[in-house]
Amino acid sequence: MRPSKNYKFWFCTGSQDLYGDECLRNVAEHSAKIVEHLNASKKLPFEVVLKPTLISQASIRKTFNDANTDENCAGVITWMHTFSPAKMWIMGLQEYKKPLCHLHTQFNEEIPYDTIDMDFMNENQSAHGDREYGHIVSRMGIERKIIVGHWANASVQEKLAGWMRTAIGVMESSHIRVCRFGDNMNNVAVTEGDKVEAQIKFGWEIDHYNVNDVVKYIDAVSKADVDTLLEEYYSKYVMVLDGRDEAEFRRHLAVQAQIELGMEQFLVEKDYQAVVTHFGMLGGLKQLPGLAIQRLMEKGYGFGGEGDWKTAAMVRLMKIMAEGVKDAKGTSFMEDYTYNLVPGKEGILQAHMLEVCPTVADGPVSIRVNPLSMGNREDPARLVFTSKTGRGVATSLIDVGNRFRLIINEVECKKNEKPMPNLPVATAFWTPQPNLEVGAAAWILAGGAHHTAFSYDLTVEQMDDWAQAMGIESVIIDKDTNLRNLKNELRWNSISYK
Ligand code: MN
């Protein structure tokens with residue numbers, strides 16, 4: 001599921017007319033070379049478009065307003081090649097509404113010691129001009145990403161690529177529509193939240209349907225379409241019968257295939273990118289949607305269990321941000337379920353009743369049909385697998401009453417120590433940074449939920465930048481976390497975000 005637009009980023013170089021035409025020609029030429037190189041680097045997920053050098057309040061204001069109205073422009077990258085008096089930038093910045101990056105770079109990598117003169121310094125003075133520009137952005141309290149270093153450097157390009165994905169998250173947030181089948185599970189606190197405020201802050205549209213509205217779509221799916229999808233299941237997954245009769249097993253799969261097709265049609269027709277279900281509100285559904293939801297997540301839909309619309313929207317958002325990452329390892333809804341507390345092997349077993357996205361799977365994916373103690377329906381079919389190893393990021397968006405807080409935890413995913421033959425659900429296992437003892441305490445102090453939106457393909461920095469750009473509080477839990485500082489941070493945030 002691609003972003004809704006063919007996004008590009010504008011490259012805007014600042015200067016002024018004090019230095020003469022030759023200098024401005026060089027500035028334009030250098031900017032063109034940088035943009036050409038960045039696009040040729042293949043490191044950036046989106047194209048960079050060069051704009052004419054900005055040397056006056058009028059041109060700056062017009063360019064930023066053009067960026068606002070161009071629906072394919074996802075953000076502006078700014079850089080002051082020379083000195084560019086920052087009062088010229090005030091009106092443009094004030095009116096600009098999209099993600100902003102300050103690429104603090106310089107055309108030449110090294111000081112040309114043998115030839116440097118005053119003309120060279122006047123032409124190449126971003127160390128000077130970028131401070132003037134940065135001052136006004138800070139004074140105006142505008143969120144922006146600052147990336148420092150030479151433009152041809154791979155790590156600078158990777159930072160720029162990472163920020164582009166964050167910017168796509170900002171732009172695409174307002175295109176997320178969440179479909180709720182039923183309300184939140186009764187009495188549960190963490191899945192609640194202010195839907196009006198979520199639309200104000202994030203642009204999310206969060207709607208509600210009776211689950212039987214989708215049952216009509218599911219009932220209308222043809223047997224031929226179900227049979228075709230069943231063939232796909234049988235060709236793609238390993239069937240684990242667990243002693244069940246083969247025909248009965250297939251019939252259980254057919255129920256999920258029918259749910260997958262009917263629910264997808266409903267979501268496409270009504271333009272939803274995320275969906276929530278609740279095991280206690282299944283209406284005319286024969287099974288809790290398990291395999292069906294897992295497959296929809298794989299196609300790019302966000303999901304949250306028990307009516308958790310905040311996590312559903314975050315899963316969708318993170319899937320869009322991670323779209324097209326090279327060698328992507330996956331993004332999913334997860335739930336902190338049970339601990340291993342053995343010293344040296346501490347970690348949290350992640351799973352849900354059924355709904356973990358197969359993009360995170362490592363190795364073959366099985367289908368099993370097993371009883372579910374909750375939901376009062378027939379045994380649902382589900383995809384079963386274990387997940388990949390390596391670094392990931394787990395996020396929990398919570399409503400703390402007067403604001404949203406995004407808790408962002410870097411985690412280290414590991415293999416389950418041993419197989420778990422009696423556990424018929426997909427799992428992951430991770431140790432939170434900096435370790436289970438501090439990480440779990442920090443998560444609980446910050447009010448983090450048991451549901452998370454998780455990705456191997458995004459970083460703490462990207463999620464933190466997204467939260468800042470959306471104007472919400474973020475709390476990072478990583479290798480630098482210590483509880484005394486975290487408690488203070490939470491106290492200070494409660495004043496700062498009042
Ligand atoms: Mn749950």
Side-chain angles (χ1 to χ4, degrees), residues 178-193 195 198 206 208 211 256 259 263 274-283 285 287-298 301-319 330-339 347-360 370-377 379-385 387 392 394-399 406-407 409 411 420 423-430 432 440 443-444 446-455:
V178 184
C179 174
R180 302 159 62 228
F181 292 123
D183 203 347
N184 304 44
M185 182 178 168
N186 288 342
N187 294 318
V188 175
V190 288
T191 56
E192 280 290 355
K195 296 192 280 292
I206 303 140
H208 170 265
V211 69
Q256 292 286 336
I259 295 173
M263 194 176 279
V275 59
V276 305
T277 59
H278 173 10
F279 65 86
M281 288 185 195
L282 293 177
L285 289 174
Q287 298 175 15
L288 174 66
L291 193 158
I293 287 289
Q294 292 176 292
R295 298 252 317 169
L296 289 173
M297 260 195 283
E298 188 177 24
Y301 289 92
F303 173 76
E306 295 86 58
D308 187 349
W309 52 267
K310 298 196 298 303
T311 307
M314 286 305 298
V315 170
R316 165 62 183 167
L317 180 89
M318 289 168 72
K319 280 180 177 282
T331 300
S332 181
F333 171 65
M334 286 286 187
E335 180 170 282
D336 295 309
Y337 233 125
T338 200
Y339 283 123
I348 317 169
L349 187 65
Q350 304 287 322
H352 201 253
M353 278 169 222
L354 307 170
E355 312 92 335
V356 178
C357 178
T359 55
V360 301
N370 295 79
L372 187 72
S373 56
M374 285 167 279
N376 191 26
R377 291 293 187 282
D379 301 352
R382 78 288 305 270
L383 299 172
V384 181
F385 50 85
S387 301
T395 69
S396 172
L397 181 68
I398 57 165
D399 185 335
L406 185 68
I407 299 150
N409 192 185
V411 299
M420 298 174 286
L423 187 68
V425 289
T427 59
F429 182 85
W430 69 54
W443 185 271
I444 290 168
H450 55 276
H451 285 168
T452 57
F454 164 81
S455 182

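Order of listing sets the numbers, starting from 1, for every ligand and every atom in it.
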Vertex the Mn ion (ligand 1), rays to NE2 in H451 and OE1 in E335 - rounded to 10° =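 The NE2/OE1 angle about the Mn ion (ligand 1) sits at 80°.
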task = Quick one: closest heavy-atom pair of I206 and A198, and the distance?
result =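 Looking at all heavy atoms of both residues, the closest pair is CD1-CB, 3.9 Å.
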inquiry  = Please check this pair: side chain of K319 against backbone of M297, looking for a donor-acceptor N/O pair closer than 3.5 Å.
reply    =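 Looks like yes, one N/O pair under 3.5 Å.
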request  = Say whether, by atom type as modelled, one donor and one acceptor occur between the side chain of K310 and the main chain of S396 under 3.5 angstrom.
outcome  =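 Such a contact is absent between K310 side chain and S396 backbone.
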The Mn ion (ligand 1) - closest N/O/S atom in H352 =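 In H352, the heteroatom (N, O or S) nearest the Mn ion (ligand 1) is NE2.
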Atom nearest to the Mn ion (ligand 1) - E306, N, O or S atoms considered =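 E306's closest N, O or S atom to the Mn ion (ligand 1) is named OE1.
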ask   = Side-chain donor-acceptor pair under 3.5 Å between E335 and H451, yes or no?
value =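 Looking only at side-chain atoms, H451 and E335 do form a donor-acceptor pair, the distance falling under 3.5 Å.
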